[in-house]
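Protein chains get the first letters and strands the later ones, always in sequence-line order, with residue 1 at the start of each.
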Amino acid sequence: MSTKIQAIRGMNDILPEKTIFWRVVERKLSDILIGYGYQELRLPLLEKTALFQRVIGEVTDIVEKEMYTFDDRNGESLSLRPEGTAGCVRAMIEHGLLRNTIQKIWYNGAMFRYEKPQKERYRQFHQIGVEVYGLSTADIDAEILLMTARFWQVLGLKDLELQINSLGSSVARATYREKLVEYFSNNLEQLDEDSHRRLHSNPLRILDSKNPDLKTLIENAPQLLDYLDDESKQHFEQLQMFLNDAGLKYTINPRLVRGLDYYNKTVFEWVTTKLGSQGTVCAGGRYDGLVEQLGGSNTPAIGFALGLERLIALLEAEQLFQNTKENQPHIYLMMVGNEALIKGLSLAEQLRNEFPQLKLITHCGGGNFKNQFKKADKSGAKWALILGETELANQQIGFKNLREEQPQQSFSRSDLITHLKSLL
RNA sequence: GUGAAUGUAGCUCAGUCGGUAGAGCUCUGGAUUGUGAUUCCAGCGGUCGUGGGUUCGAGCCCCAUCGUUCACCCCA
């Protein structure tokens, strides 16, 4: 309805029935990250537009047409972050955290891209980002991949596929890019409209085209792996050796190129076929030149981003949230009558003191027994505590199991606490 | 940015040839005056996305617009 104010297109409310999944996933992933020695960084949502222009590349779609950009009151151009690496590198340099040291960093938060919304692609979306600075050897590339594999294992996901590739040094990549442009330019008449455009913006992307008409042309194109410099070749071989040794399965996808300009050497994606055309759940790679490009000292780096919406959608598709009891209350406290309300609220606080982990809902708003039992049942609580006139007169508290057929019991306050201790 | 589908109750949907709107679920109450989840009965709930047009008459036909969905592009 046009008179109602609606959320901005592509920006979703995450409702209570879903936030529980988010909390579970975020907690499991952050536990793993902390277990590998990563430290959390919290970054602003807004940065100067120039930062993204320099980091992501002037001619990429992200910078050209997908950023939420506006002028600050002092006339400076600001943008909502379309990805996390730029702000992370900026912050690391700004606070001098990259001087002669290794840093392992993670962050979690919203990113913004002005794209047409689609299945699991939104204008505000959430990523967990991971970045490592100061390590140039392939062992860290391998460890990062092993850690992501652990993510899926802990969450119960089985059918994500790991694809890896090497883009080589920036020099090798540039040489290859020239060869590729030359090759496609000689076959211009075979290219479709999209690929014509990509010839100037990101020719490596043509290799990834979904257009079947281009299949032969792409198969005969120069291969990136043939242009790798020796150092990158060796790095890539070492990475494979580490992965083989650790038993992590992967496929080498020579057409795997990343959209952002800053990558070199190792790039990778974890992909699924279960989310329609948005199959990439987690992706990243090495970006050894970026820190220096932004004014820091020469610092090798590698990182990745994980799309939380996609990950959670995949977990839902695989029905892996079935037995989440995270939110199930232990107790629903029913109170009928004014006197019961007064006694009940103090009882509830006493129980909370006694059992800090207790999930207890007190019935507020009055109502008869039938009404309160209905709400107790709907709350999902395991047990109902019942306080009415009879109980008050006898100084007792009714106790009823709402999930199993058992006779209703009656306890004094101290007996109730003893009983709960045996149950919780 | 390109293309297609779609919009009726809080949710999922029906609505015939154009004749002023229906079901299930949810919610509330009752059957049962202190016992939920089952059953039965009743009730609440609508500017048919919005604005225009055609028509004696539009949920239905036409135009525009907004939203949603899926795909392309791009990407997590």
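Between A:Arg403 and B:rG36 there is no side-chain polar atom (N or O) within less than 4.0 angstrom of OP1 or OP2. Note on A:Asn211: every side-chain N or O is 4.0 Å or more away from OP1 and OP2 of B:rC72. Taking side-chain N and O atoms only, A:Lys119 has no distance below 4.0 Å to OP1 or OP2 of B:rA71. The side chain of A:Arg197 contributes no N or O atom lying less than 4.0 Å from OP1 or OP2 of B:rG1.
One donor-acceptor pair, N or O on each side, does fall under 3.5 Å between the base of B:rC75 and the side chain of A:Arg310. Checked by distance alone, A:Arg121 brings a side-chain donor or acceptor within 3.5 Å of a matching partner on the base of B:rC73.
Evaluation of the ring-ring contact (aromatic ring centres under 6.0 Å, His included) test over residues 125-166 of chain A, restricted to residues two or more places apart or in two chains, returns A:Trp22-A:His126, A:Trp152-A:Trp270.
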Give each protein N/O atom lying under 3.5 Å from an N/O atom of nucleotides 31-35 of chain B, with the pair distance.
unit_1, atom_1, unit_2, atom_2, d
B:rG34, O6, A:Glu389, N, 3.4
B:rG34, O6, A:Thr390, N, 2.4
B:rG34, O6, A:Thr390, OG1, 2.0
B:rG34, N1, A:Glu391, OE1, 2.8
B:rG34, N1, A:Glu391, OE2, 3.2
B:rG34, N2, A:Glu391, OE2, 2.6
B:rU35, O2, A:Lys400, NZ, 3.0
B:rU35, N3, A:Gln408, OE1, 2.7
B:rU35, O4, A:Gln408, OE1, 3.4
B:rU35, O4, A:Gln408, NE2, 3.0

Could you list the protein-to-nucleotides 2-9 of chain B atom pairs, N/O on both sides, closer than 3.5 Å?
unit_1, atom_1, unit_2, atom_2, d
B:rU2, O4, A:Lys116, NZ, 2.9

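A:Ser209 and A:Leu214 make their closest contact through OG-CD1, 3.5 Å (heavy atoms, listed as atom of the first residue, atom of the second, distance).
Distance noted for atom P between B:rG45 and B:rA5: 37 Å (whole Å). Atom name C1', nucleotides B:rC60 and B:rU6: the rounded distance is 15 Å, in whole Å. A distance of about 10 Å separates the P atoms of B:rC48 and B:rA21, rounded to the whole Å. The separation of B:rC73 from B:rC44, taken at their C1' atoms, amounts to 48 Å, rounded to a whole angstrom. Remark: the separation of the C1' atoms in B:rG10 and B:rA71 is 31 Å, to the nearest Å. Of the C1' atoms belonging to B:rG34 and B:rU26, the separation is 26 Å, rounded to the nearest Å. Comparing B:rC75 with B:rG67, their P atoms sit 25 Å apart, to the nearest whole Å. Nucleotides B:rU55 and B:rC61 are separated by 10 Å at their C1' atoms, to the nearest Å.
At the heavy-atom level, A:Arg113 lies under 4.0 Å from base atoms of the strands shown. Among the heavy atoms of the strands, none lies under 4.0 Å from A:Tyr332. Within 4.0 Å (heavy atoms only), A:Leu306 reaches no atom of the nucleic acid at all. A:Ala376 comes within contact range of no nucleotide atom at all, as no heavy-atom separation falls under 4.0 Å. When heavy atoms are screened at a 4.0 angstrom cut-off, A:Glu309 is found touching no nucleic acid atom at all. At a threshold of 4.0 angstrom between heavy atoms, the contacts of A:Gly10 are confined to the sugar-phosphate backbone, with no base atom among them. A:Gly129 comes within 4.0 angstrom of nothing in the nucleic acid, heavy atoms only.
Per the geometry, CZ belonging to A:Arg123 stands 14 Å off C1' belonging to B:rC75, to the nearest Å. A:Lys378 has its NZ atom 12 Å from the P atom of B:rA37, to the nearest Å. Between A:Gln278 atom CD and B:rA71 atom P there is a gap of 6 Å when expressed in whole angstrom units. Taking atom CG of A:Asp192 as the reference point, atom C1' of B:rC72 lies 11 Å away to the nearest angstrom. Rounded to whole angstrom, the span from the CG atom of A:Leu214 across to the C1' atom of B:rC73 amounts to 14 Å.
A residue-by-residue look at A:Asp194 and A:Gln127 shows that A:Asp194 has its nearest nucleotide of RNA chain B further toward the 5' end.
A:Leu385 CG to A:His330 NE2: the interatomic distance, rounded to the nearest 0.5 Å, is 12.5 Å. With rounding to the nearest 0.5 angstrom, the CZ atom of A:Arg198 is 8.0 Å from the CZ atom of A:Arg205. Between A:Asn165 atom CG and A:Leu228 atom CG the span is 8.0 Å, to the nearest 0.5 Å. Once rounded to the nearest 0.5 Å, the distance linking CD of A:Gln124 with CG of A:Leu45 reads 8.0 Å.
When each of B:rC73, B:rA76, B:rC74 is scored by its nearest atom to the side-chain atoms of A:Glu66, the top-ranked nucleotide is B:rC74. Distances were taken from every side-chain heavy atom of A:Arg9 (C-beta onward) to each of B:rG67, B:rA71, B:rC73; the shortest belongs to B:rG67. Minimum atom distance to the side chain of A:Lys374 is reached by B:rG36, of the listed B:rA76, B:rG36, B:rC75. Of the candidate nucleotides B:rC74, B:rC75, B:rC72, B:rC72 has the atom nearest to the side chain of A:Ser277.
The neighbour count for A:Gln350 CD, taken as heavy atoms of other residues, nucleotides or ligands under 6.0 Å away, is above 12. Annotation for A:Leu188: atom CG counts as buried by contact number, over 12 foreign heavy atoms lying within 6.0 Å. Heavy atoms from other residues, nucleotides or ligands lying under 6.0 Å from CZ of A:Arg413 number more than 12.
Counting only N and O atoms by type, the side chains of A:Asp415 and A:Thr418 include no donor and acceptor under 3.5 Å apart. Using a 3.5 Å distance cut-off with no hydrogens or angles, the side chains of A:Glu131 and A:Tyr107 do pair a donor with an acceptor. There is a side-chain donor-acceptor pair under 3.5 Å between A:Gln118 and A:Ser277.
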Paired and unpaired positions of RNA chain B as dot-bracket, Watson-Crick or G-U wobble under 3.5 Å, | denoting a partner strand:
(((((((..((((.....[..)))).(((((.......))))).....(((((..]....))))))))))))....
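Note on ring orientation: taking the six-membered ring where Trp is involved, the planes of A:Tyr227 and A:Tyr176 are tilted (angle from 30° to 60°).
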Apply side chain to side chain contact (heavy atoms under 4.5 Å, CB included) to A:Asn12 and A:Glu309, showing your working.
CA-CA 10 Å; A:Asn12 298 314; A:Glu309 277 84 359; 5.9 Å; no
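Applying the 90° criterion around 0 to the glycosidic angle, B:rU54 comes out anti.
Residues from residues 155-166 of chain A lying near RNA chain B, meaning a heavy-atom separation below 4.0 Å, are absent.
For the pair A:Arg123 and A:Tyr114, the cation-pi test (distance below 6.0 Å, angle within 45°) is passed.
Applying the side chain to side chain contact (heavy atoms under 4.5 Å, CB included) test to A:Glu292 and every residue at least two apart in sequence or in another chain returns A:Asn298.
A:Gln163 contributes no side-chain N or O that, together with a main-chain N or O of A:Glu269, makes up a donor-acceptor pair within less than 3.5 Å.
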